[in-house]
Amino acid sequence: VPTHDPTAEENLRAEEAAKAVLGAAGIDRIDLACTLGSGWGGAAEQLGELVAEIDADTVPGFHTSGVSGHSGTLKVIRAAGNRHVLVIGARTHYYEGRGVSAVAHGVRTAAAAGATVMVLTNGCGGLNSDWAPGTPVLISDHINLTGTSPLRGPHFVDMTDLYSPRLRDVARSIDPSLPEGVYAQFPGPHYETPAEVRYAGIIGADLVGMSTALEAIAARAAGMEVFGISLVTNLAAGISEEPLSHEEVLQAGREAGPRIASLLAQIIGR
Ligand SMILES: Nc1nc2[nH]c(I)nc2c(=O)[nH]1
């Protein structure tokens with residue numbers, strides 16, 4: 001069954017999950033959803049008052065995959081203006097081998113729960129040596145190098161302006177220093193070789209990661225406005241001669257925490 005058909009398995013599963021989330025929070029709609037990637041974990045608390053925290057394992061289609069080290073919970077938060085935000089702390093990465101539908105499930109659940117905006121955050125490698133680890137970068141467009149799609153059948157979806165120019169303007173009005181870049185999603189779980197990083201640069205990528213593009217496609221197909229922001233946690237392979245130590249990478253993420261959490265809270269508050 002094509003994915004534009006409401007009776008497709010993915011859509012039925014998302015409806016089930018949305019009911020479970022809305023039921024647990026005692027509300028009838030989510031306004032905005034946000035997936036937190038590496039380094040973005042601390043943002044949830046700053047978004048507003050916690051209404052419900054749900055173990056992802058109890059919600060159909062979600063997994064608390066220890067693989068990605070995520071918190072494994074879904075949080076419903078009441079933000080400014082009595083808006084409700086779904087924070088997905090249980091992202092499934094394509095490299096977990098659970099299939100592309102598992103990767104898109106969080107986004108489809110958010111849409112089924114009524115969210116009209118999908119905020120996608122991630123940690124990634126940077127190709128621009130001016131962007132030190134800890135630099136947040138607005139995603140202006142993506143290159144999907146996974147070789148697959150969350151959509152199936154004659155589900156033809158336009159991808160023009162996929163990353164909302166409106167929300168990028170909002171982000172820049174909050175922090176004019178924010179750079180923009182093109183994000184390339186590799187399948188992973190291995191990192192790129194230096195040659196693959198050079199290739200990514202040649203085809204127009206500024207950032208390399210293992211998430212986000214497939215989720216963004218599913219979000220657009222579900223009619224959501226999409227906003228993506230990356231945290232450069234390391235320079236991509238080969239960009240700097242000395243290999244960054246993992247500790248430096250973790251430290252960069254920790255230091256950037258407060259700044260990017262407040263930035264995200266302000267963007268979501270708009
Ligand atoms: N593909 C890819 N994904 C990443 N995630 C993080 I954090 N750093 C990287 C990186 O350098 N390459």
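All ligand and atom numbering here is 1-based and tracks the order in the structure. FYI, the numbering just counts along the sequence from 1.
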Colleague: Once side-chain hydrogen bond (donor to acceptor under 3.5 Å, both in side chains) is applied, what residue pairs with a partner in residues 129-141 remain, sequence neighbours excluded?
Modeller: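 Found none.
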Colleague: Is the shortest distance from a Lys or Arg side-chain nitrogen in D169 or R166 to a carboxylate oxygen in the other one below 4.0 Å?
Modeller: no
Colleague: Pairing donors with acceptors under 3.5 angstrom, does anything connect the side chains of T73 and E53?
Modeller: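 Their side chains do contain a donor-acceptor pair, which is all the 3.5 Å distance test asks for.
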Colleague: If the criterion is any heavy atom closer than 4.0 Å to an atom of ligand 1, which residues make the list?
Modeller: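 Within 4.0 Å of ligand 1, protein side: G123, C124, G125, Y191, E192, V208, G209, M210, T233, N234.
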Colleague: Which pair of non-hydrogen atoms, one from Q46 and one from A261, has the smallest distance, and what is that distance?
Modeller: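 So the two residues come closest at NE2-CB, 3.3 Å.
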Colleague: Between the side chains of T146 and Q185, does any donor sit under 3.5 Å from an acceptor?
Modeller: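 On atom types as modelled, these side chains do not qualify, holding no pair under 3.5 Å.
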Colleague: Which pair of heavy atoms, one from G37 and one from R91, lies closest together, and at what distance?
Modeller: CA-NH1, 3.6 Å
